[in-house]
Amino acid sequence: MAPNPTFDASSYFNNMDPTQAAKQMAALSAASQARIANTRPTPFLNSQSGTNSAPSLGGTNPPGYLSSNYDLSSGSSTQQPTFQMPNNHPPSTSPSLIDPMSQSIPRTVPPANGTNFAQRRQGFLTGLANVMSSMGTPLPPALTGVPSPNFDPNSSRWKHLELSSEIGTIRLAGRDVGLFQLWGIVFRNGGGQAVTDNNGWSAILPQFGLPEEVQQRGPNLGTIQVAQLIASLYMTMIYPFEQYYKNNLQEQQKRVRQAAQRPESAPPTEFTPDTSHAHLVGLSNDSQSNSNLSDGNVLDQEVQGIKRKVDYDNGDGKRARQKTGSEPPSENSTSAIPPAVDRSSSATMSGAVPASMQAPRPRQQPSRRKIEYVPLAREVDTYGGRDLNLLENEPTTLPQRRPIRDVSEWGTVDIEALTMSIRSRLAAELSYALTTLTLLSTMRGATPGSGFPLVQAPELFDEVLDLLEEQAFAGSEDSTLDLSHIDPEITTHRDILTQVCELENQPFAVLVPSQGSKDPKLGPLQRPGDIVLAITNIIRNLSTVHDNFDFLSRHTRLIDLMLRLCTVTRGEHRTISPASSALSLGDLIRVRRDVLYTLSTAAPNIQLSTSSPRINLRMATRSFHLISSYLVDPIEAVPPMTLIQLVGIPPSGNPKPPGLADIALEVFSRLSQLDSNRQIYSKHIPQGSLMSLFEALVHRLPVVDADFQLMVREPWLSYMEKIVIVIYSLAFLAPPELKQKLKANRALGFRAVMWRLVQKLLMNHEMRGHFTICSKRAVEAMKVLDDAEDCFDTSKSTAPIMSFGMGYGEVGDNSSEKGTGLLGGHRGVTWEVLMLHEVAKDEVFFGELESLSRVEC
């Protein structure tokens, strides 16, 4: 037989049509790619690049838990187990410690799609919420961040949990304990049952800075081991999730091993979400929507990595790839080029292909591969273009920043130069002076509470007030102005906010000229409203320095001018406008807030009674209207639990009282502490305004049991005490006729609400000592209202009454009181309260309560 002629590739391809030639070239390219793939090293298993091994459980990374016979103790001691952790990570904050698989297998390449710590924690919390909801014990939504319609805070077994401000964290023994961190630490050491068997719970306490023992609530209860508390917490809340998670992971690994043992001729089988986690989809009704979204991502990258590893070892490096084209060639094929065409010369061609063009070993290779392009991008959960996670993590970096500079670091400050700069009224000089004062007002001295002392710069402060008055009102207030026309109607803070929202929501609101906007004639000069805001901010900062308390509280011009800035006027259609033409409504809201905080520090020493009756009238009326604007709104004047529901904060979280209302109560309680100030308010404030404030405060008192459950928290207890103190002050300064109206007002229900408050506070055996002061003040308020007398009338004689033939007789109100007391209808319950030890040992408290329960015979 004649030898085969030399193969000419050009002639071969020239004899094909273009379609067949393209197929052959594609086959050669595939063979080249296969050789390159065979030379690559086996990829390591990446534990942190997975997405979800249990989608119904919330998308947590699969931890590499240890075997059940793992010994927690290191060394010879078996009583004190220790946990072995990597030396290159801190014990409590490293994600490697929290994520149990972060160091189980070495990595040579970075993860492709690794999720950050916050996403893993949220996935864990979602899964935990789903598991507990399926068991009929849903967790508080404020703890997991997952809404749960079936959660009832009153009947839930978790209602005694003390939640922290951070999601997924509880308070235990005064420390924050993250559930995700706790699960990671326990899981790395074999799980909850293994830690329990090895007495390892006490070794977990240092990871969270927890003490060994903690005092139990209540008298004579002793201490309890914190290890018992954290073990009980884990086994009741997290251990069911651990069981679900282990079972799910073992099932997936079993599927991978079964897939690896199939014959090589069988096509690769892909894991589908419907078969791998169908039993976990219906964990709870609350998580149905989350399960539907996450079922498409069942097999995480760890399980995929295990499958690829097994396929590579047992099947000569085969990898399961998604096919989009023709079927793979048969197993007997020795060439990497599939038989694309049926020609007589194909055998000759295959025999003439050089060795470098052939695959080194038989390999099952699809003719086509789908290449998916995934852009490299940072996953950001945004709201309106803002990264919420970044904003939440910002406070954690604050301690690393440089602290506020000390006043001594500024050097020598030329007070005279600052005074002259303000007096010049030049734009550049004013900018320099106000900037310098702003920096000085924020600096603190070497001792706590010290700072820039205003007492050493009175002339500078007077120049600042002159500038404030000039920019806001273009001069001082007319002393001959008749103030009898002052509108008794109180403009609430909500009314101002509502009007601002209505104006800003109008089309082209920015282009419409309004009060407080910058005049184009000013050019590059500052807007007067900005100067007013800068000065009020400086005064507020200076009011926090202890050395300035007395100076600011006795500066009558300052108090009068700042209260004048807070006044409003009513125009056509009852529209609200600031009294200062330089301020807009938005500026007015900021100014009123700064003034309120300034008064909160200066109020204890403020004297409303001055030598000028006009100034007394102005300060009393304007301060009362400012304080009442945050308290008398009927929508916000509701009990604590109703207020929380109105705001939309979950009651199971850590809600706090409204900030501005709390500050307003503090200001009035301090201003009305002096009898002279009470007399000024009683003289100049109309009875209608006093009655409106009194009714609003009564409506803010707790009524139902849910309200009283909030009172055990310190912020709400302080809020309630301030309300009761202000009620007492109003009852004290109210005229006798107003006291009679309040006493006889059945719709208000003052007697029933106050008496229920006293009962609830004094009958609480555990917290009775904390509530005694508030209870005494509530009884004093009822006693003042029950007497219905003028508390400023000094015409009554206080001398003892002489009894005929008996020397001195009984002296006091008890000997002359007539009629039935305010609590005469509750005499039986009142005597139970009188028998309490805290009441019986206080003579004044006992006498007032006994007087209120008197019955006229």
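- A salt bridge links R527 with D530: at least one charged nitrogen is closer than 4.0 Å to a carboxylate oxygen.
- Between L599 and I663 the shortest side-chain heavy-atom distance does not fall below 4.5 Å.
- The heavy-atom pair separating M619 from I559 by the smallest distance is SD-CG2, 4.0 Å.
- When side chains are defined from C-beta on, V568 does not count as touching H625, because their heavy atoms never get closer than 4.5 Å.
- Two residues are said to be in side-chain contact when any heavy atoms from C-beta on lie closer than 4.5 Å; F694 and V726 fail this criterion.
- With a 6.0 Å cutoff to the six-membered ring centre and a 45° limit on the axis angle, R678 counts as a cation-pi contact of F732.
- The cationic group of R120 does not satisfy the cation-pi geometry with F180, failing either the under 6.0 Å distance to the six-membered ring centre or the 45° limit from the ring axis.
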**Prompt:** L430 and L467: side-chain contact (heavy atoms from CB on, under 4.5 Å), yes or no, with the steps?
**Reply:** CA-CA 10 Å; L430 282 178; L467 177 62; 3.7 Å; yes
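- Between the T447 side chain and the S450 main chain, no donor and acceptor come within less than 3.5 Å of each other.
- Side-chain N or O atoms of D707 include one that pairs as donor or acceptor with a backbone N or O of M641 at under 3.5 Å.
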**Asked** Run the side-chain hydrogen bond (donor to acceptor under 3.5 Å, both in side chains) check on S164 and T169 step by step: do they pass?
**Response** CA-CA 6 Å; S164 178; T169 307; 5.4 Å; no
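- Residues Y681 and F668 bring their aromatic ring centres within 6.0 Å.
- For Q687, the CD atom counts as densely surrounded, since its 6.0 Å shell holds more than 12 non-hydrogen atoms of other residues, nucleotides or ligands.
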**Request:** Starting from the C-alpha separation in whole Å, work towards a yes-or-no answer on side-chain contact (heavy atoms from CB on, under 4.5 Å) for F473 and L468.
**Result:** CA-CA 8 Å; F473 302 103; L468 176 62; over 6 Å; no
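- Aromatic ring orientation, Y719 versus W716: perpendicular (interplanar angle above 60°, classes split at 30° and 60°).
- Using a cutoff of 4.0 Å between basic side-chain nitrogens and carboxylate oxygens, D550 and R554 are scored as salt-bridged.
- The shortest heavy-atom contact between P735 and L690 is CD-CD1, 4.4 Å.
- Looking only at distances, no side-chain donor or acceptor of S517 sits under 3.5 Å from a matching main-chain atom of P513.
- The shortest distance between side-chain heavy atoms of L522 and P528 falls below 4.5 Å.
- Judged as a side chain to side chain contact (heavy atoms under 4.5 Å, CB included), and not counting sequence neighbours, the contacts of S676 are Q607, S609, L674.
- Residues P640 and L710 share a closest heavy-atom pair of CB-CD1, 3.9 Å.
- Looking at heavy atoms from C-beta onward, N548 lies out of side-chain contact with V455 at the 4.5 angstrom threshold.
- R590 CZ: 12 or fewer foreign heavy atoms inside a 6.0 Å radius.
- Rounding to the nearest 0.5 Å places CD1 of I615 at 5.0 Å from OG1 of T610.
- Using a 4.5 Å heavy-atom threshold, the side chains of R700 and M720 count as separate.
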**Request:** Evaluate the salt bridge (Lys or Arg N to Asp or Glu O under 4.0 Å) criterion for residues D560 and R622: first the C-alpha distance (whole Å), next the side-chain angles of each, then the deciding distance (0.1 Å), finally the verdict.
**Result:** CA-CA 9 Å; D560 187 24; R622 290 169 178 171; 3.7 Å; yes
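- Counting only heavy atoms from C-beta outward, the side chains of F452 and D547 never approach each other to under 4.5 Å.
- Minimum heavy-atom separation, Y728 to R777: CE2-NH1, 3.3 Å.
- Atoms CZ and OG, on R540 and S441 in that order, are 11.0 Å from each other to the nearest 0.5 Å.
- Under a 3.5 Å cut-off, the side chain of R592 and the backbone N or O of C566 do form a donor-acceptor pair.
- No donor-acceptor pair closer than 3.5 Å links the side chain of K722 to the backbone N or O of A664.
- Considering CG of L583 and CD1 of I589, their distance stands at 11.5 Å, rounded to 0.5 Å.
- Applying the side chain to side chain contact (heavy atoms under 4.5 Å, CB included) test between Y597 and each of T536, T544, V667, L660 identifies L660 as the sole match.
- When all heavy atoms of I644 and P655 are compared, the pair lying nearest together is CD1-CG, 3.5 Å.
- The shortest side-chain heavy-atom distance between L437 and I535 does not fall under the 4.5 Å cut-off.
- Around the CZ atom of R713, the shell of radius 6.0 Å holds more than 12 heavy atoms that belong to other residues, nucleotides or ligands.
- In this structure, N616 contributes its side chain and S611 its backbone to no donor-acceptor pair below 3.5 Å.
- Across every non-hydrogen atom of L671 and N677, the tightest pair is O-ND2, 2.9 Å.
- A donor-acceptor contact closer than 3.5 angstrom links the side chains of D495 and T492.
- A distance-only check finds no donor-acceptor pair linking the side chain of R494 to the backbone of T491 [under 3.5 Å].
- With values rounded to the nearest 0.5 angstrom, D633 atom CG is found 12.0 Å from S692 atom OG.
- Here D466 does not pair with R423 in a salt bridge; the nearest charged N to carboxylate O distance is not below 4.0 Å.
- Counting only distance, with no hydrogens or angles, the side chain of T621 and the backbone of R618 share no donor-acceptor pair below 3.5 Å.
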**Message:** Please evaluate residues D675 and L733 with respect to the criterion side-chain contact (heavy atoms from CB on, under 4.5 Å), reporting the C-alpha separation (whole Å), side-chain torsions for both, the decisive distance (0.1 Å), and the verdict.
**Reply:** CA-CA 9 Å; D675 288 344; L733 59 89; over 6 Å; no
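- Side-chain atoms of Q499 come within 3.5 Å of backbone N or O of I576 as a donor-acceptor pair.
- Separating the CG atom in L434 from the CG atom in L533 is a distance of 11.5 Å, to the nearest 0.5 Å.
- At distances below 3.5 Å, at least one donor-acceptor pair connects side-chain atoms of N541 with backbone N or O atoms of N537.
- Under the salt bridge (Lys or Arg N to Asp or Glu O under 4.0 Å) criterion, E429 pairs with no residue, sequence neighbours left out.
- Taking 4.0 Å as the cut-off between side-chain N and carboxylate O, E166 and R121 count as a salt-bridged pair.
- Here the straight-line distance linking atom CD1 of I723 with atom CG of L697 works out to 6.5 Å at 0.5 Å rounding.
- Within 6.0 Å of CG in L525 there are more than 12 heavy atoms belonging to other residues, nucleotides or ligands.
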**Prompt:** Does the pair M562 and H555 meet the rule for a side-chain contact (heavy atoms from CB on, under 4.5 Å), with working shown?
**Reply:** CA-CA 11 Å; M562 297 192 71; H555 206 293; over 6 Å; no
